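In each ligand, atom 1 is the first atom listed, and ligand 1 is the first ligand listed. Treat the numbers as computed from the prediction; the structure is a model and nothing was measured. All values below were derived from every heavy atom in this structure, side-chain atoms included, with hydrogens, water molecules and symmetry-related copies excluded.
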Amino acid sequence: MKGKVDALLGIVFGDEGKGKVVDYFTPRYDVVARFAGGPNAGHTIIFDGKKFVLRAIPSGIFDESKLNVIGNGCVIAPDLFMAEAQELETAGYALTERLHISRRAHLILPTHRVLDRAYEAAKGKAKVGTTGKGIGPTYSDKAARIGLRVGDIFENFAAKYEALKARHLQILSDLHFTDFDISEEEREWMAGVEYMKKFPLTDTETELNELLAQGKNILAEGAQGSLLDIDHGTYPFVSSSSTTSGGVCTGLGVPPSSIGRVYGVFKAYSTRVGSGPFPVELFDETGDRIREIGHEYGAVTGRNRRCGWIDLVALKYAIMINGVTDLVMMKSDVLDTFDTIRVCVAYEKDGIRTDTMPYDTEGWTAVCEDRSGWREPLGAVREENQFPPAFKAYVDYLERELSTPISIVSVGPDREATIIRPSAGL
Ligand code: IMP
């Protein structure tokens with residue numbers, strides 16, 4: 001029997017805590033593959049008591065028996081990749097044979113990062129609030145058919161690099177953005193290119209399909225979130241890749257018929273980093289309290305995450321776009337001490353109310369309903385039958401509203417605090 005590709009996706013604005021679930025899921029799969037994004041992602045994983053922040057490298061890397069793949073839909077910065085990989089090597093993980101990188105993945109040049117800053121500066125107040133890792137400019141070059149791919153590093157690379165860099169420098173000069181010096185960064189970047197050569201840089205698309213034919217199963221590990229998807233997110237305040245389930249097929253080269261379950265990961269509340277519409281945002285002490293208890297500070301940038309109540313409009317939309325089969329609710333315990341928990345059920349603007357995602361989410365306010373809190377610590381709960389009644393009622397309510405089962409509930413940072421509900425059949 002052929003294998004399947006299951007997708008594990010953050011379905012709101014990223015930072016849903018996928019790192020922890022992916023670690024939980026890894027033993028069930030033969031391969032863990034990243035299909036979109038690049039070092040803008042930051043998956044925090046605690047392994048053997050040590051904390052790692054993975055950016056480009058899939059989370060299956062901690063399990064010696066797994067193959068890890070950086071797919072063609074990803075973008076990769078050789079210098080940052082080298083730093084990330086070397087940290088793992090220093091911690092004792094042998095990576096080389098277990099980490100395959102698609103020759104079709106695109107390279108993030110140092111000048112892409114400068115362009116990222118320059119475009120943001122030029123946008124002024126309308127800036128996206130990017131992670132500054134060069135993501136947008138790299139995907140722009142990919143779409144413009146002038147980008148450099150991993151496979152390019154073996155042939156006449158210096159000339160190709162200089163040509164693209166010259167083009168970038170011209171744009172920067174046209175933008176009068178001249179306050180930068182990449183010489184140091186460039187040396188590290190070139191060292192990173194050499195370092196990458198020790199990894200299998202392959203046609204991962206063919207490899208993955210061969211593995212599927214042999215009955216092997218693949219976990220496609222999402223990055224960012226569905227509302228940051230270049231097509232389906234809150235454009236233009238989005239990232240530049242396809243972060244939704246459709247991106248799994250294009251970003252790995254696997255057919256739609258190979259997709260099995262789609263796990264949609266969300267938090268019991270909402271967060272967003274960077275600019276852009278966020279109707280549920282709380283500007284008061286409740287927002288501060290959620291940030292504080294949930295430690296909502298960026299893994300890559302350290303920025304304060306914007307916090308708000310759970311948003312059913314956004315979740316319904318993301319479930320629809322992704323075809324989510326199973327929901328995974330993270331960080332439920334963050335709301336333990338709240339008497340009342342609010343739930344956004346619709347958006348409102350100029351007297352118009354909608355419960356479907358509007359074209360332009362700017363200027364809409366959240367219409368919320370109150371639910372009673374459970375007011376009990378969930379951290380020690382290990383089985384569904386230990387759920388406090390008010391928490392069980394909340395989970396049931398969300399399932400009904402979202403018409404999708406919540407198969408997994410996480411109630412704390414520990415591995416054991418991940419409860420697989422018997423009804424999930426997992
Ligand atoms: P970029 O991906 O660096 O271009 O940033 C575009 C937008 O996506 C910004 O609002 C970022 O804050 C956001 N973003 C990018 N990666 C992540 C992530 O891994 N988690 C949350 N937000 C992200």
Side-chain angles (χ1 to χ4, degrees), residues 8-22 34-45 52-59 73-77 80 84 106 108-109 112-123 125-143 147 221-244 247 251 265-267 269-278 281 291 294-308 311 314 318 330-331 361-362:
L8 187 77
L9 312 170
I11 56 167
V12 197
F13 287 110
D15 309 315
E16 288 89 358
K18 292 180 293 294
K20 186 188 146 190
V21 219
V22 99
R34 281 277 311 273
F35 61 90
N40 48 346
H43 293 170
T44 309
I45 306 231
F52 296 93
V53 178
L54 295 179
R55 295 186 174 163
I57 299 176
S59 310
C74 296
V75 289
I76 185 159
L80 302 184
E84 184 180 334
H106 277 246
I108 303 174
L109 271 57
H112 279 133
R113 297 193 281 246
V114 184
L115 282 170
D116 198 351
R117 293 204 297 277
Y119 290 149
E120 283 284 86
K123 284 189 163 181
K125 277 198 170 145
K127 73 175 181 171
V128 176
T130 70
T131 59
K133 305 290 180 198
I135 304 296
T138 307
Y139 279 110
S140 303
D141 280 357
K142 173 181 178 176
E221 179 182 14
Q224 290 77 50
S226 298
L227 297 186
L228 293 173
D229 182 279
I230 183 74
D231 285 277
H232 305 294
T234 54
Y235 192 89
F237 300 100
V238 291
S239 193
S240 297
S241 65
S242 297
T243 60
T244 43
V265 188
F266 70 103
K267 285 188 280 210
Y269 51 92
S270 306
T271 60
R272 173 165 204 171
V273 248
S275 341
F278 190 35
E281 184 165 12
R291 182 178 309 109
H295 306 292
E296 294 296 351
Y297 307 95
V300 172
T301 59
R303 288 182 287 184
N304 271 7
R305 293 182 183 143
R306 300 156 70 192
C307 295
D311 182 344
M330 307 300 292
K331 296 185 104 167
T361 39
E362 202 75 71

query = Does ligand 1 have an atom that lies less than 4.0 angstrom from a heavy atom of Ser240?
reply = no
inquiry  = Just so I know, are the side chains of Val12 and Asp311 near enough to count as touching, which here means a heavy-atom distance under 4.5 Å?
reply    = no
message = Is it the case that ligand 1 has an N or O less than 3.5 angstrom from some N or O of Asn40?
response = yes
remark   = Between Arg113 and the options Leu80, Thr131, Ile135, the side-chain contact (heavy atoms from CB on, under 4.5 Å) test singles out Leu80
inquiry  = Side chain, backbone, both or neither: which applies to Arg303 and ligand 1 if a contact is any heavy-atom pair less than 4.0 Å apart?
reply    = side chain
ask   = Judging by distance only, is a nitrogen or oxygen of Ser239 under 3.5 angstrom from one on ligand 1?
value = yes
task = Using a strict 4.0 Å cut-off to heavy atoms of Val273, name the atoms of ligand 1 that fall inside it.
result = 10 (O), 12 (O), 21 (C), 22 (N)
key: Enumerated ligand 1 atoms positioned under 4.0 Å from heavy atoms of Ala41   = 19 (O)
key: Side-chain donor-acceptor contact under 3.5 Å, Thr130 with Asp116   = yes
query = Between atom OG of Ser270 and atom CZ of Arg306, what is the distance when rounded to the nearest 0.5 Å?
reply = 11.5 Å
message = With respect to Gly42, determine whether any N or O atom, backbone or side chain, lies less than 3.5 Å from an N or O atom of ligand 1.
response = no
ask   = For ligand 1, which part of Phe13 has a heavy atom less than 4.0 Å away: the side chain, the backbone, both, or neither?
value = backbone
key: Sub-4.0 Å atoms of ligand 1 with respect to non-hydrogen atoms of Asp15   = 20 (N), 21 (C)
Pick from Leu227, Leu228, Val238, Val128: the one approaching atom 14 (N) of ligand 1 most closely through a non-hydrogen atom = Leu228
note = Partner of Gln224 under side chain to side chain donor-acceptor pair (under 3.5 Å), picked from Thr243, Asp229, Thr244, Asn40, is Asn40
Qualifying residue for salt bridge (Lys or Arg N to Asp or Glu O under 4.0 Å) with Glu296, from Lys267, Arg303, Arg291, Arg272 = Lys267
ask   = Which heavy atom in Gly136 sits nearest to a heavy atom in Ser240, and how many Å separate them?
value = CA-OG, 3.3 Å
query = Does Gln224 have a non-hydrogen atom less than 4.0 Å from ligand 1?
reply = yes
key: Gly129 neighbourhood, listing ligand 1 atoms whose heavy-atom distance to it stays under 4.0 Å   = 9 (C), 10 (O), 11 (C), 12 (O)
inquiry  = Under a plain distance cut-off of 3.5 Å, with no hydrogens placed, do His112 and Asp141 share a side-chain donor-acceptor pair?
reply    = yes
